Structures are given as C-alpha cells and as structure tokens.
Asker: 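I have a structure here, written as structure tokens, and I will follow up with some questions on it.
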Amino acid sequence: MITTMFARTIHRRFSFHHSSISLSNSLRGNNSHSPTNLLRREMSMETERIVDRLKSSGLLQTKGLIGGKWTDAYDGKTIEVNNPASGDVIASVACMGERETKDAISSAYDAFSHWSKLTANDRSSRLRNWYNLLLQHKEELGQLITLEQGKPLKEAIGEVGYGASFIEFFAEEAKRIYGDIIPSTLSDRRLFVLKQPVGVVAAITPWNFPLAMIARKVGPALACGCTVVIKPSELTPLTALAAAELALQSGIPPGVLNVVMGDAIKIGTALTESPQVRKITFTGSTAVGKKLMAGAADTVKKVSLELGGNAPCIVFDDADLEVAIKGSLATKFRNSGQTCVCANRILVQEGIYEKFTKAFSDAVQNLKVGNGLSEGVSQGPLINEAAVKKVESFVEDAVSKGAKLLLGGKRHSLGMSFYEPTVIGDVKNEMLIAQQEVFGPVAPVLRFKTEEEAIQIANDTNAGLAAYIFTNSIKRSWRVSEALEYGIVGVNEGLVSTEVAPFGGFKQSGLGREGSKYGMDDYLEIKYICMGNMG
Ligand code: ADP
C-alpha cells in the first residue's frame with residue numbers, strides 16, 4: 001500500500017472540492033436534473049441520514065481517546081473524513097500530534113499495572129463483552145465502514161463479523177497462556193518458564209480494513225495483559241473511534257485502550273521514540289514499515305509488521321476451471337482489489353490460458369460498480385484520487401509495453417475514484433503492474449509453460465505474503481505450496497483469512513503473525529525462573 005502524505009493531501013483537497021459541491025447542492029435544493037447531480041444529491045442525503053443515526057446511537061465519535069476521556073486536539077485542529085463514493089464530508093475529527101500521543105502513552109503505561117494483574121478470566125470476559133457489543137452494532141459499524149472506506153455494505157458488515165471474531169478468539173486464548181516446567185540439570189534446582197505481557201503496545205493501522213486490522217492487534221494485546229495506543233488511518237478513523245466507544249462500554253478500563261490520530265509522522269515518531277512503548281505492531285506500506293522498524297531500533301522494541309504483498313495466483317492446466325474462476329475473482333476483486341492478499345499477478349498455464357481469460361473476463365464484466373450502500377454493488381470506489389492515478393499509471397505502463405487490455409482499463413463513468421473492473425492479458429513479470437501492488441480492480445494475467453517456470457515467476461519478488469494455486473493434482477498442491485516463498489498459500493481457494501490461522505508474510509512482507517495461537521507470541525515476553533536451594 002503506497003499512499004504518501006502528499007497523496008493524502010491531494011485526496012483531501014479533491015474530496016473537499018466535491019463535497020462542497022454535493023452538500024451545497026443538497027442544502028440549496030439545486031434544481032439541476034442531470035443524472036449525476038441527482039445521484040450526488042441522493043448520496044449526500046443518504047450520508048446525512050446515516051450520520052444522524054450514528055450520532056444518536058453514540059457511535060459517531062470525533063475526538064481522540066486518552067485515559068478513557070474523549071479529547072480534542074490540544075491546539076483545536078481537526079481533519080476532515082470523506083466518503084470516497086461521493087466526496088461528502090462525513091465528520092471532522094481531532095488532528096493530534098506529539099503531545100497528545102505522549103499523554104496517551106502515559107495513560108496506557110499507568111493502566112498496564114492494573115490490567116496486566118487482572119486474572120485471565122476477568123480480561124477474557126471483558127473482551128467477550130466487547131465482541132458481543134461489536135456484533136450487536138454490526139449494521140451501524142458496517143455503514144460507518146462503507147461511508148468512510150467505500151466497500152460494499154455487505155462486505156463491510158462481513159468485516160465487522162471478521163474483526164469481532166479476533167476479539168472472541170483472543171478472549172478465549174487469554175486463558176491459555178501456558179508456561180513450562182523444565183527438567184533441571186541439577187537436583188537442587190527447579191526451572192520454570194513464565195509468559196508475561198510485553199507492556200504498552202502501539203498499533204498503527206491502515207484504511208482498507210478499518211475495523212479488522214485493529215481487532216487483530218488489540219485482541220491479542222489485551223488478552224495477554226498489554227495496554228494499547230491505537231493510531232488508525234486518518235482516512236478511516238471513525239470506525240476505530242466507534243469500536244473504542246464500545247470497548248469502554250464493555251468494561252475495558254480507561255487507559256487500557258487509547259486512540260490518537262492526526263499527524264502520522266509526529267504520532268509515529270512519539271510512539272517509536274518512547275521507551276515506555278515496548279512493541280510496535282503495524283499494517284501498511286512496506287516503506288512506512290521499514291521506517292518504523294528503524295525507529296524502533298533505538299529503544300529495542302518488539303516489532304510486528306504486515307506489509308505489502310505481490311500475490312501470485314497460479315492456474316494450472318489441470319485446474320477445475322469453475323473453481324479457478326471463482327477463487328481468482330474472489331481474491332482479486334475483494335474490496336475493489338485493495339487488500340494486501342489480493343492476487344496481484346494471475347499466472348495461467350498455456351493450455352488453459354484462452355479458456356480462462358475468456359471465462360474470467362465474462363465474470364469480471366458482471367461485477368456491479370457503485371456506491372457501496374446500493375443494493376447489488378460489489379465494487380466500490382478506490383480510497384482516493386491518488387489510488388486511481390496509480391492504477392492508471394500501472395495500466396498505461398503495461399499496455400505501452402505490449403500487454404493487451406481484455407476488459408475495462410479506464411476510470412468508471414460514475415466519476416470520483418471509481419475505476420472499471422479491468423483484465424489485462426499477456427502481462428510480463430518485468431512490467432510495473434507485476435512488480436508492485438496495483439491495489440485496485442485490475443487483474444494482470446501472465447502466461448507460463450511449466451510448473452518450474454510458474455514457481456520461478458511467483459518467487460521473483462521481494463514480497464511474500466499470500467499466494468494461490470489452482471490444480472486438481474494433490475502431488476502438485478504439496479510440491480508447489482512447499483516451493484512458494486510465501487507465508488500463506490491458498491490451494492483451490494481464494495479467501496483464506498480467518499482468525500484461527502496465522503496471517504503474515506515472508507521476506508519484505510513482514511515480521512510476526514496475526515490470528516491463531518501464534519498471534520499471541522508477539523505480545524509476550526518469556527521469563528525463565530531458576531530456583532536454587534530446592535534439594
Ligand atoms: P497506505 O498506503 O495504506 O496509506 P501507509 O503505510 O501510508 O499505507 O499507512 C498505514 C498507516 O501508517 C496509516 O495509519 C498511516 O497514517 C500511518 N503512517 C504513514 N506514515 C507514517 C509514519 N511516517 N509514521 C507512522 N505512521 C505512519
């Protein structure tokens with residue numbers, strides 16, 4: 001995920017421009033009857049309706065959360081949050097920086113002594129309360145995700161269920177943080193291993209899963225007895241704040257969970273420099289992840305990173321075509337292609353290439369693009385203008401180097417940051433679109449001859465998060481799965497993420513794992529206790 005601060009600034013200006021138009025149109029009752037204006041007006045009214053409902057349910061929080069208190073930025077600055085489908089301003093949230101972050105760290109530090117000493121059962125039941133509240137409010141949270149992120153409502157509600165499942169899973173795991181007794185080498189000694197929480201955790205999260213990326217980090221952190229300072233993306237802070245409100249309601253004590261947002265660099269620096277923060281967990285771009293890792297070196301913090309991917313999706317001649325189409329479609333076009341595990345290169349063996357590209361393009365053509373709140377839409381807008389520009393430049397590069405546009409290939413007529421679901425054939429691995437994450441609804445298809453060639457192309461990247469293979473051969477499934485330098489392999493399956501399995505990457509895709517029993521390790525210190533004079 002490559003979105004620079006510069007790109008974000010462009011987005012805000014762009015969105016603000018549109019929002020002033022659409023909102024003022026709706027307020028003034030602009031009587032222009034052009035279909036675009038009518039659509040914009042409807043969307044604005046819909047945004048307002050949802051925002052009003054969220055306000056009355058207390059879930060539309062706009063301040064940061066420090067020590068259990070909703071807090072404005074100390075200098076009063078705010079930052080606008082936009083609906084990428086319409087450009088409407090949904091809300092203005094506190095734009096915080098170094099001072100607020102330092103206070104949030106102090107609150108988390110103070111709360112640690114109490115929270116870490118609660119029994120595992122006690123922490124577990126509060127986490128379970130939070131899980132129940134998230135599910136009780138899944139419709140509203142889903143609407144909030146669609147409003148600020150753009151994904152279709154069904155997918156957004158699905159994200160709430162997925163995110164909540166991490167809280168439930170880690171509520172259960174809280175009770176299973178076992179130590180060890182090691183047989184001693186000397187008869188008068190007893191050797192024990194204890195697992196203890198690392199302390200204050202900084203969790204920096206992206207915009208593509210505004211709830212789930214937080215739940216995957218905060219669930220295990222709190223289960224282990226850590227306290228947290230969350231910094232959500234400035235593009236999607238409202239979901240994080242709503243989840244924090246529900247955490248307070250669930251009995252998670254003040255200071256255990258804090259949220260600051262605003263100036264990403266100032267907040268990031270305060271978090272990395274503080275000796276009180278013992279761990280940074282981050283999901284986002286590889287570039288920012290490397291900076292945080294370097295910043296954490298000075299205080300030797302633990303670091304977990306979920307960074308960019310460049311997922312190959314390999315379709316062999318012996319694949320079940322229907323299964324391969326369904327799986328490739330799901331992994332490529334989920335969230336309009338904006339996930340780190342989205343197929344970034346679809347490698348198709350030459351014997352099935354023509355059949356596959358034809359059937360795949362037909363399936364892609366049926367995907368409905370539109371506002372995520374509208375019925376039947378499966379492709380929402382991209383997060384912002386910079387994201388569309390990036391997709392455009394990648395497509396242009398591929399086509400100029402000989403790739404063939406099979407479907408789409410341009411901005412959608414809906415305008416804003418909507419892009420047509422696109423399929424490009426005859427892509428080569430050297431092209432930009434195969435080297436970097438496109439993070440949009442564009443499927444580049446590459447042709448290969450042999451299994452060895454497919455593995456070589458698939459591994460020819462610095463990334464190593466997810467890979468997919470489609471084949472009916474059991475032997476090949478094992479052979480290729482073992483040869484792929486990736487942390488996650490889907491065999492005849494495009495949707496692989498679940499709270500019970502470890503999620504994480506090889507190579508420059510990251511460090512550590514999230515979800516499953518392995519997801520606890522990153523939040524725990526191992527303490528060895530040697531007891532002498534025991535004979
Ligand atoms: P994306 O392309 O998804 O925006 P980023 O890595 O830029 O990926 O952003 C992921 C998260 O990292 C966001 O919460 C963002 O605000 C934050 N972030 C960006 N730059 C920095 C930085 N220098 N220090 C700390 N956090 C940062």
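A quick note: this is a predicted structure, and the numbers were derived from the prediction, not measured. Order of listing sets the numbers, starting from 1, for every ligand and every atom in it.
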Asker: Give the atom numbers and elements of ligand 1 that come within less than 4.0 Å of a heavy atom of Thr205.
Answerer: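 Listed by number with element: 11 (C), 13 (C), 14 (O).
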
Asker: Taking only heavy atoms of Gly268, which atoms of ligand 1 are found under 4.0 Å from at least one of them?
Answerer: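 Those qualifying, in numeric order: 24 (N), 25 (C).
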
Asker: So is Phe282 touching ligand 1 or not, going by heavy atoms under 4.0 Å?
Answerer: yes

Asker: Would you call Phe418 and Leu382 a side-chain contact if the rule is heavy atoms closer than 4.5 Å?
Answerer: no

Asker: Give the atom numbers and elements of ligand 1 that come within less than 4.0 Å of a heavy atom of Ile265.
Answerer: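 Ligand 1 atoms under the 4.0 Å threshold to Ile265: 23 (N).
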
Asker: Which one of Lys217, Arg216, Glu306 satisfies the side-chain hydrogen bond (donor to acceptor under 3.5 Å, both in side chains) criterion with Thr283?
Answerer: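 When Lys217, Arg216, Glu306 are each tested with Thr283, the side-chain hydrogen bond (donor to acceptor under 3.5 Å, both in side chains) holds only for Lys217.
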
Asker: Using a distance-only test with no angle check, is there a side-chain donor-acceptor pair under 3.5 angstrom linking Lys266 and Thr101?
Answerer: no

Asker: Ligand 1 and Glu234, any nitrogen or oxygen pair closer than 3.5 angstrom?
Answerer: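 Among all N and O atoms of Glu234, at least one is under 3.5 Å from an N or O of ligand 1.
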
Asker: Compare all side-chain heavy atoms of Glu245 with those of Trp70 and state whether any distance is below 4.5 angstrom.
Answerer: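 Side chain of Glu245 against side chain of Trp70, heavy atoms only: contact under 4.5 Å found.
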
Asker: Hey, which atoms in ligand 1 end up nearer than 4.0 Å to a heavy atom of Pro232?
Answerer: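 Answer for ligand 1: 14 (O).
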
Asker: Measuring from atom CD of Gln379 to atom OH of Tyr419, what distance do you get when rounded to the nearest 0.5 angstrom?
Answerer: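 So the gap between those two atoms works out to 13.0 Å.
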
Asker: Where is the tightest heavy-atom contact between Tyr523 and Cys224, given as atom of each residue plus distance?
Answerer: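 So the minimum-distance heavy-atom pair works out to CB-SG, 3.8 Å.
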
Asker: Just so I know, are the side chains of Glu514 and Ser304 near enough to count as touching, which here means a heavy-atom distance under 4.5 Å?
Answerer: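 Answer no - side chains too far apart.
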
Asker: So, 4.0 Å and heavy atoms of Ile267: is ligand 1 close enough to count as a contact?
Answerer: no

Asker: So for ligand 1, is Thr283 a polar contact partner (N or O within less than 3.5 Å, distance only)?
Answerer: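 No, since none of the N or O atoms of Thr283 sits under 3.5 Å from an N or O of ligand 1.
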
Asker: Any idea which atoms of ligand 1 are less than 4.0 Å away from a heavy-atom of Trp207?
Answerer: 1 (P), 3 (O), 4 (O)

Asker: I'd like to check which ligand 1 atoms, numbered from 1 as shown, lie under 4.0 Å from a non-hydrogen atom of Ser285.
Answerer: 5 (P), 6 (O), 7 (O), 8 (O)

